[in-house]
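Next up is a structure, given as structure tokens.
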2 protein chains.
Amino acid sequence: MTSPSRPEPPPDCPLERYLHVVSGAWVPRILWFLRFGPRRFGDLRRDLRGISTKVLTAKLRTLEADRLVSRQELATSPRQVQYALTERGMAFEPVFEAMIRVSHHLAELEEATDPAMDR
Amino acid sequence: MTSPSRPEPPPDCPLERYLHVVSGAWVPRILWFLRFGPRRFGDLRRDLRGISTKVLTAKLRTLEADRLVSRQELATSPRQVQYALTERGMAFEPVFEAMIRVSHHLAELEEATDPAMDR
DNA sequence: GGGGGTGGTAACCGATTGGTACCTACTTGT
DNA sequence: ACAAGTAGGTACCAATCGGTTACCACCCCC
């Protein structure tokens, strides 16, 4: 019997909390590149090769609304806008570290089970 | 200057490795519910309230192809099919643990900064 | 005043994702 | 015989997500 007595999905499931803010193709990648410090709009656009300015601004706006990212206009010559992780945004760091460890682990498993053998 | 000398996105970025298999609205949730042990098709459909059978089978097939999930037909009365995490699938556990920690941390931050004050 | 770089906005489109409805095939229960 | 529950498959849609193209405003330099 595999069905009975499972940990009921709590109404505020940690996974749902996470996925609510980090979803879609770009948001994880944006947070990823902000891990290393503040970044300007154009920097991010180059980091995330392939993203359109439309989507980048849209995603940054939602991240701002969720208070994971702060936006700061620098009073510089051609006008620069700097985006950085807020304290809330930095809280996601453990997830990225876990992803790194998992990726390494997967690579090891691949090596171990010979590139053409399974089951 | 914030732009120069950033950690170049490695061709096989850990994040890309992760997102390659875990993407979309349902895959993370499927892995989440398989964390607790093997699960049958109908169980998963009830766990993931709202998923359609079409999408569930499709996602389980891709997870099987990526060897994160194993499929086993049980020789039972009405025919049951059991899905379970493979060793590769279990490797993702640290990510989910990190998500749990992050969610808790975020909840704490919310309490700390009073439900109506910011900036 | 033109060119280039900054950081966008708006309108339109295409691709991807997921949902609905309906179907099969098998087994159990009434 | 028939309903109901198991695990799907298929065809057709709807919504969401992201891309393309154009354009704007600002500033600097020449």
Side-chain angles (χ1 to χ4, degrees), chain A residues 1-4 6 15-16 18-34 38-66 68-84, chain B residues 1-4 6 15-16 18-34 38-66 68-84:
Chain A
M1 221 176 261
T2 129
S3 344
R6 286 277 161 165
L15 180 65
E16 297 303 326
Y18 176 87
L19 293 178
H20 179 66
V21 280
V22 181
S23 65
W26 291 115
V27 167
R29 294 179 168 94
I30 293 173
L31 294 179
W32 175 271
F33 283 105
L34 286 176
R39 209 94 180 103
R40 300 206 326 266
F41 185 87
D43 298 336
L44 285 173
R45 212 186 29 168
R46 280 181 289 273
D47 292 339
L48 306 157
R49 262 189 273 281
I51 198 173
S52 59
T53 72
K54 172 193 135 180
V55 171
L56 181 52
T57 57
K59 293 310 174 185
L60 287 170
R61 294 283 178 276
T62 72
L63 285 169
E64 220 190 327
D66 290 333
L68 300 191
V69 160
S70 67
R71 190 190 114 109
Q72 188 188 1
E73 296 208 23
L74 306 177
T76 53
S77 46
R79 177 215 188 183
Q80 298 183 339
V81 182
Q82 198 172 62
Y83 293 91
Chain B
M1 220 175 260
T2 129
S3 343
R6 286 277 162 167
L15 179 65
E16 296 304 325
Y18 176 88
L19 293 179
H20 180 67
V21 280
V22 181
S23 66
W26 292 115
V27 168
R29 294 179 168 96
I30 293 174
L31 295 178
W32 176 269
F33 283 106
L34 286 176
R39 208 94 178 104
R40 299 207 327 268
F41 185 87
D43 297 336
L44 285 172
R45 211 185 31 168
R46 281 181 289 272
D47 293 339
L48 306 156
R49 263 188 270 282
I51 197 173
S52 60
T53 72
K54 173 192 136 181
V55 171
L56 181 51
T57 58
K59 293 309 174 185
L60 287 170
R61 294 284 177 277
T62 71
L63 285 170
E64 220 192 325
D66 290 333
L68 299 191
V69 161
S70 67
R71 190 189 114 109
Q72 187 187 2
E73 296 209 25
L74 306 177
T76 52
S77 47
R79 178 212 187 186
Q80 297 182 341
V81 182
Q82 198 173 63
Y83 294 91

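Residue numbers start from 1 in every chain, and the chains themselves are labelled A, B, ... in the order their sequence lines are given, proteins ahead of strands. Being a predicted model, the structure only gives us computed values, none of them experimental.
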Using only side-chain N and O atoms of B/Lys59, determine if any of them is under 4.0 Å from OP1 or OP2 of C/dT17.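 No, because none of the side-chain N or O atoms of B/Lys59 sits under 4.0 Å from OP1 or OP2 of C/dT17.
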
Could you give the CZ-to-C1' distance, from A/Phe41 to C/dT9, as a whole number of Å?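 To the nearest whole Å, that distance equals 11 Å.
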
Interatomic distance where CD1 belongs to B/Ile30 and C1' belongs to C/dT17 [whole Å]: 13 Å

Please determine if a side-chain N or O atom of A/Arg45 lies less than 4.0 Å away from the OP1 or OP2 oxygen of C/dG8. no

Sugar-phosphate only, base, or nothing, as touched by B/Ser52 at under 4.0 Å among non-hydrogen atoms: base

OG1 (B/Thr53) and CZ (B/Phe41) are apart, to the nearest 0.5 Å, by 5.5 Å

Could you check how far CD of A/Glu73 sits from P of C/dG7, rounded to whole Å? 10 Å

Atom-pair distance (CZ on B/Arg40; C1' on D/dA7), nearest Å: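 Taking CZ of B/Arg40 and C1' of D/dA7, I get 10 Å after rounding.
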
Protein-nucleotide distance (A/Leu60, atom CG; C/dG7, atom P), rounded to Å: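 Spelled out: CG on A/Leu60 to P on C/dG7 is 11 Å.
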
Does B/Ile51 form a side chain to side chain contact (heavy atoms under 4.5 Å, CB included) with B/Arg29? I'd like the steps, not just the answer. CA-CA 10 Å; B/Ile51 197 173; B/Arg29 294 179 168 96; over 6 Å; no

Just by distance, do the side chain of A/Ser23 and the backbone of A/His20 share a donor-acceptor pair under 3.5 Å?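 No; judged by distance alone, with no hydrogens or angles, the pair does not exist.
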
Phosphate contact (C/dG8 OP1 or OP2) by A/Arg71 side-chain N/O below 4.0 Å: yes

Atom-pair distance (OH on B/Tyr83; C1' on D/dT6), nearest Å: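 Answer to the nearest Å: 12 Å.
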
If I take atom CZ in residue B/Arg39 and atom C1' in nucleotide D/dT6, what distance separates them, rounded to the nearest angstrom?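 It is 15 Å, rounded to the nearest whole Å.
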
When you compare the side chain of A/Leu31 with that of A/Val69, does any pair of heavy atoms fall below 4.5 Å?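 Sidechains of A/Leu31 and A/Val69: in contact.
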
Give the B/S/- string for nucleotides 21-30 of chain D, one per nucleotide from 5' to 3', where a protein heavy atom under 4.0 Å of the base yields B, of only the sugar-phosphate yields S, and otherwise -. ------SS--

Which atom names give the shortest non-hydrogen contact between A/Tyr83 and A/Arg61, and what distance separates them?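 Between these two residues, the closest heavy atoms are OH-NH1, 3.4 Å.
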
Measuring from atom CG of A/Asp47 to atom CD1 of A/Ile30, what distance do you get when rounded to the nearest 0.5 angstrom? 10.5 Å

Between the protein and nucleotides 14-16 of chain C, which nitrogen or oxygen pairs come in under 3.5 angstrom?
none

Quick check: on DNA chain D, is the nucleotide nearest B/Gly42 upstream (toward 5') of the one nearest A/Ile51, or the reverse? Name the residue that is more 5'.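 Per heavy-atom nearest nucleotide, the more 5' residue is B/Gly42.
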
Give a yes/no answer on whether the side chain of A/Arg61 brings an N or O atom under 4.0 Å of OP1 or OP2 in C/dT9.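 Answer is yes, contact under 4.0 Å.
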
Please work out which residues in residues 19-29 of chain B have a non-hydrogen atom less than 4.0 Å from an atom of DNA chain D and list them by number.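 Nucleic-acid contacts, sorted: none.
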
